[in-house]
Amino acid sequence: MIYLESFTLPIDFEEDLLDRKAAENGGPLGYIDNSYPCGLFACKELRELYFRRVTILYGGNGSGKSTLLNLIAHRLELNRIAPFNSSEMFASYAAHCNYTLAEDDEGFRCRIPNGSRIITSDDVFDYMLTVRVNNEDIADNKKEAREHWSELRYGRTVKLRGLEDYEALRAQVLARRKSVSRREYIRRTAGEEARLNSNGETALAYFTEKLHFDTLYCLDEPENSLSPKLQLELVDLLDQLSHYCGCQFIIATHSPFLLALPGARIYDLDTCPVQTRQWWQLENTRTYYAFFNKHRQLFEGGES
């Protein structure tokens, strides 16, 4: 499914945008501390992008792929959690970007689905950290529950004198139920710890949990924390969601595995003017190829 068909950058109007902002900052003597993102895409002659079910923004550090992803997310008002690098020009620049929505099978314009969002590597890292912190809190709660279970079950009955005694009385009623064992009491009052996997497995679980059908997603370097094997599992997930589950993805990535997503349109932000390329034509993937080709005999059972 395609919801977003095209996105246009205001590179021909950047001087006007800068002049307006300078005037707002102080009239003829006004100045701008940070003109970002003005100038970033003009030098690449990038005016418009056209999207498929999967569209990939490729380029080295500083090429603008994350900035472009943030501009799209900001202009489309996608949900987001993690903050992003901005400037005094960013909101104005994004407001002057234009986009076209695709048409459905009956010729009606699509809408950006509810729940569409941008997901960054910071979101994934925060998720992993939250899981670990929650587990630590639950472990502390379990220790406290173990210490208080015998007292609540066999000790003096809690007197309900006010709302401040309600939780203690409720815990005692639970502890004294014949059908509730000590283990069950601890589980109900302290909570259940999430199963801790490796960072990579937890990161993959994040995408499995958060990606829903019929939704537009902007993904910023989703391969972070994932081993090559887990990156391939993520590729399978994204491929299934985009082909059969109504999802559209716009992805900023270096990963050769994600770059090889079937049918993806890839914008090479390292070229000027920016060009669309096949994944095997990109410098990153060709570097991997050259390295492994150099050591081919090792993989084929020979000696170095």
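Computed from a predicted structure; not experimentally measured.
- Classification of the Tyr217-Phe249 ring pair by plane angle, with boundaries at 30° and 60°, yields parallel.
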Exercise for review: Check step by step if side-chain hydrogen bond (donor to acceptor under 3.5 Å, both in side chains) holds for Gln231 and Ser255.
Suggested key: CA-CA 8 Å; Gln231 288 183 47; Ser255 167; 2.5 Å; yes
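- Here OG1 of Thr120 is found 7.5 Å from CG of Asp126. Values are rounded to the nearest 0.5 Å.
- Annotation: Glu88, atom CD; neighbour count of heavy atoms from other residues, nucleotides and ligands within 6.0 Å is above 12.
- Remark: of the listed residues Val235, Leu234, Asp236, Val235 is the sole one forming a side-chain contact (heavy atoms from CB on, under 4.5 Å) with Leu261.
- Taking 4.5 Å as the limit, every side-chain heavy atom of Ile118 sits out of range of all side-chain heavy atoms of Leu219.
- When all heavy atoms of Glu223 and His254 are compared, the closest pair comes out as OE2-N, 3.2 Å.
- Other residues, nucleotides and ligands contribute at most 12 non-hydrogen atoms within 6.0 Å of the CZ atom of Arg286.
- Within a 6.0 Å sphere centred on CG of Asn85, heavy atoms belonging to other residues, nucleotides or ligands number 12 at most.
- Between Tyr206 and Tyr127, the ring-plane angle classifies as perpendicular under the 30° and 60° cut-offs.
- A donor-acceptor contact closer than 3.5 angstrom links the side chains of Thr8 and Glu48.
- Under a cut-off of 6.0 angstrom, the local environment of CG in Asn114 is sparse, with at most 12 non-hydrogen atoms contributed by other residues, nucleotides or ligands.
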Review point. Does the salt bridge (charged side-chain N to carboxylate O under 4.0 Å, His left out) test come out yes or no for Glu300 and Arg296, once each step is laid out?
Key: CA-CA 6 Å; Glu300 295 175 348; Arg296 176 190 294 272; 3.6 Å; yes
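- Contact record, Asp268 with Val274: O-CG1, 3.6 Å, taken as the closest heavy-atom pair.
- With rounding to the nearest 0.5 angstrom, the CZ atom of Phe41 is 9.5 Å from the CD atom of Glu14.
- Residues Cys218 and Ile119 form no side-chain contact, since every pair of their non-hydrogen atoms from C-beta on lies 4.5 Å or further apart.
- Taking each heavy atom of Trp279 and Leu259 in turn, the nearest pair found is CB-O, 3.2 Å.
- To the nearest 0.5 Å, the span separating SG on Cys97 from NE2 on His74 amounts to 9.5 Å.
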Practice item. Given side-chain hydrogen bond (donor to acceptor under 3.5 Å, both in side chains), test Glu221 with Thr253 step by step and report yes or no. Key: CA-CA 5 Å; Glu221 299 188 3; Thr253 185; over 6 Å; no
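- Residues Tyr288 and Leu282 are not in side-chain contact: their nearest non-hydrogen atoms beyond the backbone lie 4.5 Å or more apart.
- When all heavy atoms of Ser63 and Gly60 are compared, the pair lying nearest together is OG-O, 2.7 Å.
- Between Leu9 and Leu71 the shortest heavy-atom distance is CD2-CD1, 4.1 Å.
- Note: Tyr36 and Phe90 have parallel aromatic rings, judged against thresholds of 30 and 60 degrees for the angle between ring planes.
- At least one side-chain heavy atom of Leu237 sits under 4.5 Å from a side-chain heavy atom of Thr208.
- Residue Glu209 places its CD atom among more than 12 non-hydrogen atoms of other residues, nucleotides or ligands, all under 6.0 Å distant.
- Cys247 approaches Asp214 most closely through the heavy-atom pair SG-N, 3.9 Å.
- No continuous path of ILVMFWY side-chain contacts below 4.5 Å connects Tyr58 to Leu68, so the two sit in separate hydrophobic clusters.
- Under the 6.0 Å cut-off for aromatic ring centres, His295 and Phe291 qualify, their centroids lying closer than that.
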